[in-house]
Amino acid sequence: MIRYSLGRLLGLLGSVLIISLILFLAVRWLPGTPWNEGEIPLQGPAKENMMKKYGLDQPIHVQYAKYLWNLLHLDLGNSFIYKTDTVWQTIARGWPATAKIGAFTLLIAFSIGIPVGIIAALRQNSLLDYTVTFLATTGITVPNFAVAVWLVMFVSVKMDLLPTQGWGTWQHIVLPVVAYSLAPTSLIARFTRVSMLEAMRSDYIRTARAKGLAEPVVIMRHVFKNALIPIITLVGPLIPNLMTGSIFIENTFGVPGIGRHFVTSIFDRDYPVIMGIFMLVAVLFGLTYFISDILYTWADPRVRLTDRKT
Amino acid sequence: MTSLKEAEERGQKRRKANFMWRFKRNKLAVIGFCVVVVCLFIAAFANFLAPTSYDVGNLTEARQPPSWGHIFGTDAVGRDYLSRIIYATRTSIIVALGVQVITLSIGISLGTLGGYLGGWVDQVVVRIIEIATGIPALLIAMFIMGLLGHSMWNVIFALGISGWVVETRITRGQFLAFKEREFVIAAQAIGANRFRVAFRHIFPNIIPILAVLLAFQVPAVIFNEAGLSFLGLGIDEPVPSLGKMISTSLGYVRTYWHMGLFPSLMIAIITMGFTFVGDGLRDALDPTMNR
C-alpha cells in the first residue's frame with residue numbers, strides 16, 4: 001500500500017512536471033505580449049526594459065529552470081497585469097467565490113442525487129422511476145449555461161425574485177448553484193440508480209433476504225454499501241471539477257471566481273497566472289484521482305492496488 | 001461451406017433484428033433518433049431552409065420580437081433570428097462531426113497501439129493518457145483558441161486535440177479484453193499478421209462501443225463549442241453559433257426574451273436528441289445493462 005502510494009505520487013509529480021514544461025512552452029507561443037500592444041505598441045528600448053524587468057529576455061530554458069526552482073518553493077511568481085499581486089493572491093481572490101458555489105453544488109448534488117437514485121431503483125419500472133430517469137437524462141444533457149439563461153429569464157426577470165448578476169449577498173448564490181448543480185445531481189442520481197439495481201440483482205442480496213433480514217437492513221447495509229463502490233469512482237473526478245468552477249456559470253452570473261480570472265489571464269497574456277491556475281488544477285485533479293483509488297480499496301477489499309493498470 | 005456461410009448470415013440477420021427491436025422498444029431513443037435526423041437535415045440544407053442568409057441585417061428591423069415576418073424575431077443588428085439559428089445548428093453539427101473525426105483518429109490509433117501491442121508502447125500510452133487526464137480538456141481548448149485565433153476550423157482543431165482521452169481509453173481497454181479471446185488466438189495461430197488481426201478480427205467488435213461513445217460525445221462537443229463561443233473564445237461573427245447567441249442575449253435579457261430563449265432551446269433539443277440515441281444504442285447493444 002505505502003509502496004503503491006509512493007509510486008503513484010511520484011508518477012503524479014512526473015505528470016505535473018511534463019505538463020508544466022508543455023504549458024511553459026505553449027504559453028510563450030501565444031501571439032502578443034502581456035502589455036496590451038494592440039493599442040499602443042511599445043517602442044524598442046521601452047520594450048527591452050519591460051522584457052528585462054520580467055525576465056522574458058533570457059533564453060527560454062533559463063526561464064523555465066527559474067520557474068521550476070520557484071515552483072519548488074511553492075512560489076508561482078507575480079501577476080504581470082495586477083502588478084502588486086502574487087499569483088497566489090490572484091488565485092486567493094477568485095477561489096472563495098468559486099469554492100462557495102462548488103461546495104453548495106456538491107452538497108445539493110449528493111443530498112438530492114443519492115436519495116432520488118435509491119428511490120428510483122427501489123421502484124424500478126414505475127412511473128416515478130421513468131420520470132426520474134427522464135429528468136436525470138435531461139439534466140445531464142442540457143448545457144448549464146442554457147439552464148442559467150432560463151433561470152435568469154423566469155426567476156430574475158419575469159418573477160423578479162432574485163438578482164440577475166453580481167456577488168455579495170446570499171441571493172446572488174442561489175441561481176448559480178441551481179444552474180450548476182443540475183448536471184451533477186442528475187449524474188449522481190442516474191449512477192446511484194444503476195449501481196443500486198446492479199447490486200440488488202446479485203447473489204449476496206438473495207442470501208441476505210433468504211436468511212430473513214428486514215428489508216431496510218438489506219437495502220441500506222447490503223445493497224447501498226455495495227452500490228456505493230462505483231459511485232466513488234464517479235465522484236472522485238467530480239470534486240475538483242466542481243471546485244475549479246464552471247467558467248460559463250461564473251460568466252453568466254458575474255461571479256468573480258477563478259474561472260473568470262483564467263479567461264481574463266488568457267486574454268491578457270498574463271503568463272504566470274495562466275501557468276499558476278493550470279498547475280494548481282493539475283495537482284488537484286491528480287490528487288483526487290489518487291485519493292478516490294485509495295478509497296476504492298477501502299470500500300471494496302477485493303480490489304488490491306498493485307502496479308498501475310488503468 | 002455454403003451452409004456455414006448461410007448460418008452465419010442468418011445469425012447476423014437475427015442479431016440485427018434483435019438490435020432493431022430493442023432499440024425501437026425504447027421510445028425516448030426513437031424520439032431522439034428523429035430529432036437527430038431533423039437536425040442533420042437542417043444542417044445539410046440550411047441554405048434552402050433559412051428564409052434569409054445568416055449575415056443579412058436590416059437595422060431598421062433590429063431587435064424585433066417574434067412576428068409573422070420574422071418567426072423568431074430579429075437580433076441586435078436586424079438579422080432574421082430563425083435563419084441565424086438554422087445556420088448555427090449547421091455550425092454545431094459540423095463542429096461536432098469534425099471533432100469526432102480528430103478524436104476518433106487519435107483515440108483509435110493510440111488505443112490500438114497501447115492495447116494491442118502492450119509492453120513499453122502501452123506504458124507510454126498509459127502515461128500519455130495520465131498526463132492528458134491531468135487537465136480539464138476545456139481549459140486546453142480555451143488555451144489553443146487563444147493561440148490560434150477564432151474560426152470554426154480552429155474550434156474543431158482545439159476541441160479535437162484536447163478531447164481524445166475517452167476514445168483512447170476505451171479503445172485500449174477493448175483491445176486488452178479482446179486480445180485474449182479464442183478467435184484472436186486462432187487468427188494468430190493460422191498466421192495472420194498483427195495488422196490483420198488488429199483491424200480485421202478485433203476492431204469490428206469494438207465498433208458498436210465506439211458508436212455509443214460517438215452518440216454521447218457529439219452532445220458533449222456541441223456543449224463545448226457553444227461554451228467556447230459563449231466566452232468569446234469560439235467562432236467569430238458573422239458565422240452564427242448557438243453559444244454566442246446565448247451569451248449575447250444575456251445583455252438584452254430584461255427586454256428581449258426571444259433572443260435568449262430560442263437558441264438555448266435549440267441547443268437543449270440537439271444535445272438531448274443525441275443523448276437519447278446514445279442511451280438507446282447502449283441498451284440495445286447490451287441488454288444486460290438495465291437502462
Side-chain angles (χ1 to χ4, degrees), chain A residues 11-12 14-16 18-19 22-23 26-27 29-32 124 129 133-134 137-138 140-150 152-153 156-158 164-165 193-194 197-198 201 237 240-241 244 246-248 251-252 262-263 266-267 269 274 277-278 281-283 285-286 289 308-310, chain B residues 28 114 123 125-127 129-136 138-140 142-149 169 172-173 176 219-220 222-224 226-227 230-233 242-243 246-247 249-250 253-255 257 260-261 263-276 279 289-291:
Chain A
L12 175 61
S15 302
V16 169
I18 297 177
I19 292 173
I22 297 173
L23 269 176
V27 164
W29 253 359
L30 281 171
Q124 195 194 353
D129 181 30
T133 313
F134 177 75
T137 310
T138 316
I140 295 171
T141 323
V142 178
N144 53 20
F145 47 86
V147 177
V149 170
W150 297 338
V152 169
M153 277 171 140
S156 301
V157 176
K158 264 260 156 62
T164 50
Q165 279 210 329
R193 176 181 170 278
V194 171
L197 286 178
E198 208 138 299
R201 270 198 301 271
N241 242 329
T244 43
S246 166
I247 296 163
F248 311 139
N251 225 44
T252 311
F262 182 71
V263 180
I266 286 190
F267 280 129
R269 306 286 185 263
I274 304 178
I277 294 178
F278 259 127
V281 171
V283 171
F285 267 68
Y289 279 120
R308 200 184 330 108
K309 277 196 186 113
T310 315
Chain B
L28 280 181
Q123 288 291 321
V125 170
V126 170
R127 231 357 337 152
I129 293 177
E130 216 171 85
I131 291 169
T133 325
I135 311 174
L138 198 63
L139 292 193
I140 303 176
M142 286 167 63
F143 186 81
I144 297 177
M145 288 309 291
L147 197 71
L148 296 178
R169 190 178 287 152
R172 176 177 171 273
L176 279 182
I222 290 177
F223 177 102
N224 284 339
F230 181 82
L231 296 173
L233 283 163
L242 292 170
I246 295 173
S247 84
S249 81
L250 279 172
V253 71
R254 288 211 174 271
T255 32
W257 55 271
L261 188 67
S264 54
L265 274 181
M266 191 66 208
I267 199 166
I269 291 170
I270 302 177
T271 47
M272 276 171 73
F274 276 97
T275 308
F276 287 146
D279 270 351
M289 268 288 288
N290 195 286
R291 276 159 73 85

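Given the structure is predicted, the values throughout are model-derived calculations rather than measurements. Side chains are part of it too, since the values below use all heavy atoms of this structure and drop only hydrogens, waters and symmetry mates. Letters A, B, ... mirror the listed sequences (proteins, then strands); counts begin at 1.
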Taking every non-hydrogen pair under 4.5 Å, which of B/Ile131, B/Leu139, B/Leu138 racks up the most with chain A? B/Leu139
Partners of B/Ser264 by side-chain hydrogen bond (donor to acceptor under 3.5 Å, both in side chains), sequence neighbours excluded? A/Trp150
CG-CD1 distance between B/Leu233 and A/Ile247, expressed to the nearest 0.5 angstrom: 9.0 Å
If we only count heavy atoms from C-beta on, is the A/Ile274 to B/Phe143 side-chain gap below 4.5 Å? yes
Please report the shortest heavy-atom distance between B/Arg127 and A/Gly11, naming the atom on each side. NH2-O, 2.9 Å
What part of B/Leu265 gets within 4.5 angstrom of chain A, counting heavy atoms only: side chain, backbone, both, or neither? both
Proximal component of A/Val27, with respect to chain B [non-hydrogen, under 4.5 Å]: both
So, the part of A/Ala26 with a heavy atom under 4.5 Å from chain B: the answer is both
Contact leader toward chain B among A/Val263, A/Asn144, A/Val147, A/Val16, where contacts are heavy-atom pairs under 4.5 Å: A/Asn144
For chain A, the option from B/Thr275, B/Ile246, B/Leu231 that forms the most heavy-atom pairs under 4.5 Å: B/Leu231
Rounded distance [0.5 Å steps], CD1 in B/Ile140 versus CG in A/Leu23: 8.0 Å
For A/Phe145, all residues meeting ring pair (Phe, Tyr, Trp, His ring centres under 6.0 Å), sequence neighbours excluded: A/Phe248, B/Phe223, B/Phe230
Can you say whether B/Ala226 sits under 4.5 Å from chain A via the side chain, the backbone, both, or neither, judging by heavy atoms? both
Hey, could you give me the CZ/CD distance between A/Phe285 and B/Glu130, rounded to the nearest 0.5 Å? 14.0 Å
